[in-house]
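These notes concern the structure reproduced below.
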Amino acid sequence: MFLKNAWYVAAWDHEVSCALTGTTILGEEVVLFRKTDGTVAALENACPHRKLPLSMGRLKGDDVECGYHGLTFDCAGACIKAPGAARIPPAAKVRAYPVEERYGLVWIWMGDAAKADPSAIVPVANWGDPAWGVNRGESMVVECNYLYVTDNLLDPSHVAWVHQTSFGTAACEDAPLETTVEPTGVTVARWMMDSPPAPFYAPFLPFSGNCDRKQQYEVRYPAQAIIKAIFVPAGTGGEGRSLHGDAFVMDSYNFMTPIDENRTRYFWFQMRNVAPADEKISEQFAVSVRDAFAEDRVILQAVHWGMANKRSPNLDLHIDKGPLHFRRGIAKLIAAEQAPEVALVAE
Amino acid sequence: MTITVEFRKSGRTVDWSGNGSLLEFAESNGLQPAFSCREGVCGTCKTALFGGAVRYFETPLDEPEPGNVLLCCSRPAESVVLDL
Ligand code: FES
Ligand code: FES
Ligand SMILES: [Fe+2]
């Protein structure tokens, strides 16, 4: 089950052109295309006649013509042409989804269109600030339920085991975690003091020697993670202290869009406060991040399979505190959304 | 006023002297209650409370049903009787 009244990333902006592009989001078939004014439209990807995917039809200006018998829909989903019929049947329409473009991503609202508020799209700090560089990301499909991805993104401890050659160091193994549960989501954070920098970050740090490192993993409902990595010279870090002038900061944005219960499309990019205009560094980061996420992917797919096919009970550990609170929070939001009358009475 | 912890199954009553959890206190008294997460999320340490009341220093993911406590994230608010 999914939270419908929420923005999800449907695609990268460059993935949507004037070609009709079919995709699946929260188990719903959607067709995306760019209108003549350059903005993106999203329609239910099924003709109401025989449910042929509209993505198999043709784009005529801003209208979509079904590839079977020519029923034609405008970008609001209204049927504007029913070839050969005396009148357009009132039931001939498809659903239109609200769409917004932001941060190079196409966002789609999967719930009640009247509730779609673009200001609810997750804010990206320092976006457009020339002092910050962007590691333009990409996307991948992970064959697992999206909550295994949110589990993973609220679990800094996995870094020591899954990403030994990139993000991890021995210090990641047992520094204690601080979990904060809020109405918007869950945050798990910790400082790891005076340790060698992780291999992934070491070449980019503007200082040498050991570092104090903060990992802050926040996941907001429905499935948007903001992962902050901070490195400062050893002895200058710690909660509540202002950041050292040589601090390296990387904010990683991770947006999960459930394809269905068993598959997740995962989008990401990072903001960094060093070498903002250096394309080569952006590219280096992009490659390293992709490799690291491929490591997660292998694990998460196997975990999904293992949990779906378990022959003995699994157990929960202390490191599951953040992930389990997140699961509880999203389940409550979904339940409230599916039974709005009940929620109203309870208020 | 001293707070006591009665481990009823074991037939022992001990003065509460811990500053950690009831779970740690029981362990330091030689008992071995079941546990997994020790963070109030898995429910494994759930134990029947026959008397008294506890205070949670960590909000459990799920409040146990009345008459039960999670040992790993609570300590006695007054003298307690536990099914241990
Ligand atoms: S230690 Fe977590 S799956 Fe084995
Ligand atoms: S051991 Fe998991 S709730 Fe106490
Ligand atoms: Fe990972």
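For clarity, every value in this text was computed on a predicted model and none was experimentally measured. Naming: A, B, ... by sequence-line order, numbering from 1 per chain.
- Scored by the salt bridge (Lys or Arg N to Asp or Glu O under 4.0 Å) test, B:Arg8 finds B:Glu6 as partners (sequence neighbours excluded).
- Under the 6.0 Å distance and 45° angle rule, A:Arg327 counts as a cation-pi partner of A:Tyr148.
- Using non-hydrogen atoms only and a strict 4.5 Å limit, no part of residues 13-30 of chain B faces chain A.
- Applying the side-chain hydrogen bond (donor to acceptor under 3.5 Å, both in side chains) criterion to A:Tyr8, with sequence neighbours excluded, gives no partner residue.
- In this structure, chain A has a heavy atom under 4.5 Å from the backbone of B:Thr59, while its side chain stays farther away.
- Sorted by first and then second residue, the side chain to side chain donor-acceptor pair (under 3.5 Å) pairs with a member in residues 298-310 of chain A read A:Asn262-A:His304, A:Lys310-A:Asn314; sequence neighbours excluded.
- The residue among B:Ser36, B:Cys72, B:Cys42 with the most heavy atom pairs within less than 4.5 Å of chain A is B:Ser36.
- Classified by interplanar angle (parallel below 30°, tilted 30° to 60°, perpendicular above 60°), the ring pair A:Phe255/A:Tyr253 is tilted.
- Ring geometry, A:Trp7 versus A:Trp109: the interplanar angle exceeds 60°, so the pair is classed perpendicular (tilted spans 30 to 60°).
- Using a cutoff of 4.0 Å between basic side-chain nitrogens and carboxylate oxygens, B:Lys46 and B:Glu65 are scored as salt-bridged.
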